[in-house]
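Scroll down for the structure; my scribbles are underneath it.
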Amino acid sequence: YALMDQLQEDDPTRDTSALQRAQESAAAAEQVLQQGDLSEAERQQEEAERNLREAAEELAEEEEAYQELREEELLFQIAEEVAQLLEAHQVEMLATLEVDRDRESSARPSRAQRLRMRRISREEEALGVRAGEIREALLEEGSAVFGSLVDGIQTDLTRIARELGEQGNYQSGPRIQALQQDVEEALSWLLEALNEEKERRQEEEEEEEEQQDQEESEQQEGTTENRLVPDAAELRLLRRMERDVLDAV
């Protein structure tokens, strides 16, 4: 009974009827065994074992459903973080362009311009830290390609922050702007890939709802992927990255 109590304590809505039936059958088997009725005790024991198997299967199904829900929630959260990161970076891109237009390329920026560039530098550095958190989350979920892309984004943001500030002698010209554009493009790719995966999962859920009576098909679909981002999604992003490198060459 301790197991059933613990399960209900963890989740009061959990259905523990199969486990309860197994415990009742086991108790009945022990009682009739003490009374000397071996055949009835054996029957009750078999009933208890059958109910235990059913309970184990139900728990496995619930665990799988919970894992899928957790991954889906994490996917939506990461996609939202990437969208916010992209939007914030674009704001700093515009600010960098405006500062660069206001200053003469060969001249040292004015005090007001240096203050603006330090602020942009701090913001880009903070975005790099956020990118690092996203990278860790993706790598923990086994998304190596996505994680590698975000690693490059974090590296570029750190470099941009350094070059924009005093350490980089307040650079704001075409090279820095090109680096910012690279970050913007990579974030756009990542966001597009994450949104495509979200849509794929939503379509898959709709198909599963339409085919609830086809138990065998549902079981196969439920075991095809057990990762935040499947191999197919990472492969599509990798091919896109390779095409961009070839185009650049």
Side-chain angles (χ1 to χ4, degrees), residues 75-139 143-199 229 233-249:
L75 180 65
F76 274 75
Q77 181 181 349
I78 291 178
E80 184 177 350
E81 281 283 327
V82 172
Q84 293 174 356
L85 191 64
L86 175 58
E87 183 178 355
H89 175 64
Q90 288 171 333
V91 170
E92 302 312 322
M93 288 178 66
L94 181 59
T96 302
L97 184 61
E98 290 175 350
V99 170
D100 192 62
R101 285 174 177 172
D102 290 342
R103 60 180 287 198
E104 296 181 9
S105 59
S106 59
R108 179 174 173 80
S110 66
R111 183 172 182 275
Q113 290 168 343
R114 292 198 300 272
L115 289 174
R116 288 187 66 189
M117 293 179 71
R118 287 198 202 104
R119 186 203 62 77
I120 298 171
S121 174
R122 289 194 300 269
E123 291 297 327
E124 292 284 59
E125 184 177 13
L127 294 180
V129 173
R130 289 174 61 185
E133 295 171 353
I134 294 173
R135 176 181 62 86
E136 291 299 322
L138 289 167
L139 291 177
S143 304
V145 175
F146 280 45
S148 176
L149 178 63
V150 181
D151 183 61
I153 292 171
Q154 181 184 16
T155 300
D156 285 344
L157 284 169
T158 302
R159 181 180 176 187
I160 291 166
R162 183 179 64 250
E163 300 296 335
L164 277 166
E166 184 176 3
Q167 186 178 357
N169 199 25
Y170 300 105
Q171 299 180 49
S172 61
R175 189 170 64 85
I176 297 302
Q177 294 172 29
L179 273 176
Q180 288 180 321
Q181 290 169 2
D182 288 343
V183 171
E184 179 186 35
E185 184 177 46
L187 285 170
S188 298
W189 288 353
L190 180 61
L191 182 59
E192 181 180 341
L194 290 170
N195 285 332
E196 286 178 354
E197 177 59 18
K198 284 165 55 180
E199 292 175 2
V229 182
E234 293 211 290
L235 182 58
R236 286 194 296 271
L237 179 59
L238 184 60
R239 286 174 176 169
R240 183 168 186 175
M241 294 165 63
E242 289 175 346
R243 285 199 303 269
D244 181 70
V245 171
L246 291 174
D247 289 345
V249 172

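All residue numbers in this chain count up from 1 along the given sequence.
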Does anything in residues 111-120 form a salt bridge (charged side-chain N to carboxylate O under 4.0 Å, His left out)? List the pairs, not counting sequence neighbours. E92-R119, E98-R116, D102-R116
Among all residues two or more places apart in sequence or in another chain, which pass the salt bridge (charged side-chain N to carboxylate O under 4.0 Å, His left out) test with D182? none
Set of side-chain hydrogen bond (donor to acceptor under 3.5 Å, both in side chains) partners for E166, sequence neighbours left out: none
CD1 of I120 to CE of M117: how many Å apart, nearest 0.5 Å? 7.0 Å
Return yes if some donor-acceptor pair links the side-chain N/O of T158 with the main-chain N/O of Q154 below 3.5 Å, else return no. yes
Step by step, work out the side chain to side chain contact (heavy atoms under 4.5 Å, CB included) result for F146 and L190. CA-CA 7 Å; F146 280 45; L190 180 61; 3.4 Å; yes
Indicate every side-chain donor-acceptor pair of residues 124-134 with a distance under 3.5 Å to a residue at least two apart or in another chain.
| unit_1 | atom_1 | unit_2 | atom_2 | d |
| --- | --- | --- | --- | --- |
| E124 | OE1 | H89 | ND1 | 3.1 |
| E124 | OE2 | H89 | ND1 | 3.2 |
| E124 | OE2 | Q180 | NE2 | 3.1 |

Which pairs would a plain distance check flag for residues 171-179, meaning a side-chain donor or acceptor within less than 3.5 Å of a matching protein atom at least two apart in sequence or in another chain?
| unit_1 | atom_1 | unit_2 | atom_2 | d |
| --- | --- | --- | --- | --- |
| Q171 | OE1 | R175 | NH2 | 2.4 |
| Q171 | NE2 | E163 | OE1 | 2.5 |
| Q171 | NE2 | G168 | O | 3.0 |
| S172 | OG | D100 | OD1 | 2.8 |
| S172 | OG | R103 | NH1 | 3.1 |
| Q177 | NE2 | D100 | OD2 | 3.3 |
| Q177 | NE2 | S172 | O | 2.9 |

Please check: side-chain N/O of T155 versus main-chain N/O of D151, any donor-acceptor pairing under 3.5 Å? yes
For the side chain of S143 and the backbone of L139, is there at least one donor-acceptor N/O pair under 3.5 Å apart? no
Between L187 and L191, is a side chain to side chain contact (heavy atoms under 4.5 Å, CB included) present by the stated rule, with each step listed? CA-CA 6 Å; L187 285 170; L191 182 59; over 6 Å; no
For a 4.5 angstrom cut-off between non-hydrogen side-chain atoms, does L149 reach V145? no
Listed partners of E123 passing salt bridge (charged side-chain N to carboxylate O under 4.0 Å, His left out), at least two apart: none
Note, L86 side chain near S188 side chain (heavy atom, < 4.5 Å): yes
